[in-house]
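Within every chain, numbering begins at 1; the chains are lettered A, B, ... in the order of the sequence lines, protein sequences first and strands thereafter. Since the structure is predicted, the reported quantities are computational estimates derived from the model, not experimental observations. All heavy atoms count here, side chains included; hydrogens, waters and symmetry mates do not.
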Amino acid sequence: MELNDLEKIRVAKIEAMRAAGMEPYPTRSNVTHTTAEAIRLFEQAEAAGSTEPVKVSVGGRLRSERLMGKLCFAHIEDGWGRLQLFLRVNELGEEALNRFREQFDLGDFIQAEGVMIRTRTGEVSVQVQAFAMLAKAITPLPAAKDEVVDGQVVRHAGLTDPETRYRQRYADLAVNPEVREVFRARAKTVTALRRFLDEHDFLEVETPILQPIYGGAAARPFVTFHNQLKQNLYLRISFELYLKRLLVGGLERVYEIGRDFRNEGVSFKHNPEFTQLEFYWGYADYLKVMELTEQMVAYVCDEVLGKRTVVYDGQELDFNPPWRRLELRQGILDTAGIDIGLYPTGEALAEAMRAKGINVKPGSTRGKLIDALLSDFLEPTLIQPTFLYNYPRDISPLAKGLPGDPNTVERFEGYVAGMELCNAFTELNDPLDQESRFLEMGRAYEAGDDERHPMDDDYLQAMSYGMPPCGGFGMGVDRLAMLLTDQRTIREVLLFPHLRGTTEE
RNA sequence: GGGCGUGUAGCUCAAUGGUAGAGCAGUAGCCUUUUAAGCUAUUGGUUCAGGGUUCGAGCCCCUGCACGCUCACCA
């Protein structure tokens, strides 16, 4: 452990404490109240007109110190808030107060016991009668100054460098309270999603992360190897194929919240591992799923924010149902000026796009071209929550066809703030059709496309036992958390986002 | 992967090719109701790494690394 000068000074204090018979890392604390409990207790006593002294023992991290000769004000912070400590030579004696001044630094975890009082300026405080070190910090917190004014935390020169914040998230969290709030909101989001689905009689399940055959999405997987079994395994790119097997088995409403892994580029909305929610709802279809989605997101907004509107990137988003519904064909016509319905083949559509001066990636299928039009023209315009529906068949191999339209499937995606939030369809449950779709995919991707999917024979076996009609749904939970916490990058809602390795060590 | 930008003290930031600085933190002294903890003094640097140009490089050039923005990729 390489120590800088500031850290060496603190280590010297540790040695001085031990030499004086005090343990800087005692095994146990003697904390009786959180800061919030202590304050509440005192305010209640005050309101009741009680003269009985409120005695507490509180613990927390030392966040500010104001040394005034023979007295000292300090703030400690625990997981519930902040509390001012008032240390006087009158109660503590000169020796103890000097010990506090000399051995206690900002960032240390300490314990203080005493009587709750209100100081002359009116701040609820602990008049300290005894104190102890709970855990000495060696590295100073990367916040120069931090205080509470009118209940607001004011920071002067805090920790802002994104790289340091992500690599040392512990320091970021310790020093930036709004970061802690983001992750509290994220946790509430996940809890609310679970509660909503539980209340709608969905069963939460867990399916394999290590899979011998990956599928359910078009993405490159991470590959790993089981030494004993001498077997290649893939980290899942979706839960879909396993969850639908469960509907075959009679678990007709299931969901899973967990991690997906995709071996692709990173961006403000992509991380190599991300949290996905998928649910499958027997006897439903994509229209019913749309309605449930609206209700679910509105429910989450209520639980997390207490309201259904949120300002994201300066724009107010309204999550009140119903969301705007826009047929994909119409949306592309409105924004790109091309009616995909007039071009049933990839060649014809590519021709129409070139005529408009749009760059066409050679070898693209019709579906990929439509997806490109969607991404480039339509997606940026979808700010308010919108369901795009009816998607091209060749990029949706697990979705059921739209009756009467051989090129189109019953699929929708939810877009908010120009970003894809969720993806759902009426699930294909015809095993023979499914098999031919797999084969179709295999041919379309044959020319060395590494998104080509292996045939999953066991999945077909499951389908052949019969799966009830159902609507399936997938949503990026990180992206929902971004929207609800007004964060413009996924890294801000991941505690430990993926960063490149450093060259040291 | 491409383009643009950034990298200087623990943190936030300065510094025409000419002595590397400030605020806060730290250290020392003074101070019995503070709240950007006041006054006084003071310590602290592999300027991301490695090469080059130059009498002289934080600054200019090259290579590499990391981060940010952006484009590409990504159902």
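In the set B:C67, B:A75, B:G26, B:A75 carries the atom at the smallest distance from any side-chain atom of A:Pro397. For A:Thr160, the side-chain atoms get nearest to B:C13 when compared with the rest of B:G10, B:C13, B:C73. In the set B:C67, B:C69, B:C11, the nucleotide with an atom closest to the side chain of A:Pro142 is B:C11. Comparing B:C67, B:U27, B:A25 by their closest approach to the side chain of A:Arg491 singles out B:C67. You'll find that the side chain of A:Glu264 is closest to B:C74, out of B:C74, B:U27, B:G10.
Pairing for B:G38 is with B:C30, a Watson-Crick or G-U wobble pair whose two hydrogen-bonding atom distances lie under 3.5 Å. Checking B:G45 for Watson-Crick or G-U wobble geometry (two distances, each under 3.5 Å) identifies no partner in any strand. Nucleotide B:U16: unpaired (no Watson-Crick or G-U wobble partner with both distances less than 3.5 Å). Base pairing analysis places B:A9 opposite nothing; no Watson-Crick or G-U wobble pair with both distances below 3.5 Å involves it. Nucleotide B:U54 has no partner under the Watson-Crick or G-U criteria, as no pair reaches both atom distances under 3.5 Å.
One finds no salt bridge joining A:Glu492 and A:Arg488 here, because no Lys/Arg side-chain nitrogen approaches an Asp/Glu carboxylate oxygen to under 4.0 Å. Remark: A:Asp430 does not engage A:Lys400 in a salt bridge, criterion side-chain N to carboxylate O under 4.0 Å.
Atom P of B:U43 sits at a distance of 11 Å from the matching atom of B:G21, rounded to the whole Å.
Atom CG of A:Leu159 and atom C1' of B:C24 are 14 Å apart (whole Å). The interatomic distance linking A:Glu123 (CD) with B:A37 (P) rounds to 12 Å, in whole Å. In this structure, A:Ile9 places its CD1 atom 13 Å from P of B:U43, rounding to the nearest Å. Rounding to whole angstrom units, CG of residue A:Leu97 and P of B:A37 are separated by 18 Å. One can place NZ of A:Lys8 at 17 Å from P of B:U43, the figure rounded to the nearest angstrom. Between A:Asp371 atom CG and B:C73 atom P there is a gap of 11 Å when expressed in whole angstrom units. Between the CD atom of A:Glu410 and the C1' atom of B:A75 there is a distance of 18 Å, rounded to whole Å. Spacing between atom CG of A:Asn4 and atom P of B:A25 amounts to 17 Å, rounded to whole angstrom units.
Residue contacts for A:Leu499: at a heavy-atom cut-off of 4.0 Å it reaches the sugar-phosphate backbone alone, with no base atom in range. At a threshold of 4.0 angstrom between heavy atoms, the contacts of A:Lys269 with the nucleic acid are absent. Counting any heavy atom pair closer than 4.0 Å across all strands shown, A:Leu6 reaches a base atom.
Of the residues A:Arg411, A:Arg329, A:Glu413, the one that meets the side-chain hydrogen bond (donor to acceptor under 3.5 Å, both in side chains) test with A:Tyr391 is A:Glu413.
Aromatic ring pairs are classed by plane angle as parallel below 30°, tilted from 30° to 60° and perpendicular above 60°; the pair A:Phe222 and A:Phe261 is perpendicular.
Judged by distance alone, with hydrogens and angles left aside, A:Gln84 brings a side-chain donor or acceptor within reach of the base of B:U34, the pair sitting under 3.5 Å.
Legend: residues meeting side chain to side chain contact (heavy atoms under 4.5 Å, CB included) with A:Lys269, ordered by chain and number and at least two apart, are A:Ser267, A:Glu379, A:Met419, A:Arg479. Take A:Arg325 and apply the salt bridge (Lys or Arg N to Asp or Glu O under 4.0 Å) test, not counting sequence neighbours, and it matches A:Glu294.
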Tabulated below should be each protein N or O lying under 3.5 Å from an N or O of nucleotides 31-33 of chain B; please produce it.
residue : atom : partner  : partner atom : Å
B:C31   : N3   : A:Gly69  : N            : 3.2
B:C31   : N4   : A:Arg101 : NH1          : 3.4
B:C31   : N4   : A:Arg101 : NH2          : 3.0
B:U32   : OP2  : A:Lys70  : N            : 3.4
B:U32   : N3   : A:Asn90  : OD1          : 3.0
B:U32   : O4   : A:Asn90  : OD1          : 3.4
B:U33   : O2   : A:Arg120 : N            : 3.1

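Within the structure, a side-chain polar atom (N or O) of A:Arg500 is placed less than 4.0 Å from OP1 or OP2 of B:C67. Residue A:Arg167 has a polar side-chain atom (N or O) positioned under 4.0 Å from OP1 or OP2 of B:C67.
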Practice prompt. Apply the test salt bridge (Lys or Arg N to Asp or Glu O under 4.0 Å) to residues A:Arg118 and A:Glu46: give CA-CA distance (whole Å), side-chain angles for both, the deciding distance (0.1 Å), then the verdict.
Written response: CA-CA 10 Å; A:Arg118 218 174 252 283; A:Glu46 246 184 354; 2.6 Å; yes
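The two atoms that bring A:Leu499 and A:Arg167 nearest to each other are CD1-CG, 3.3 Å, heavy atoms only.
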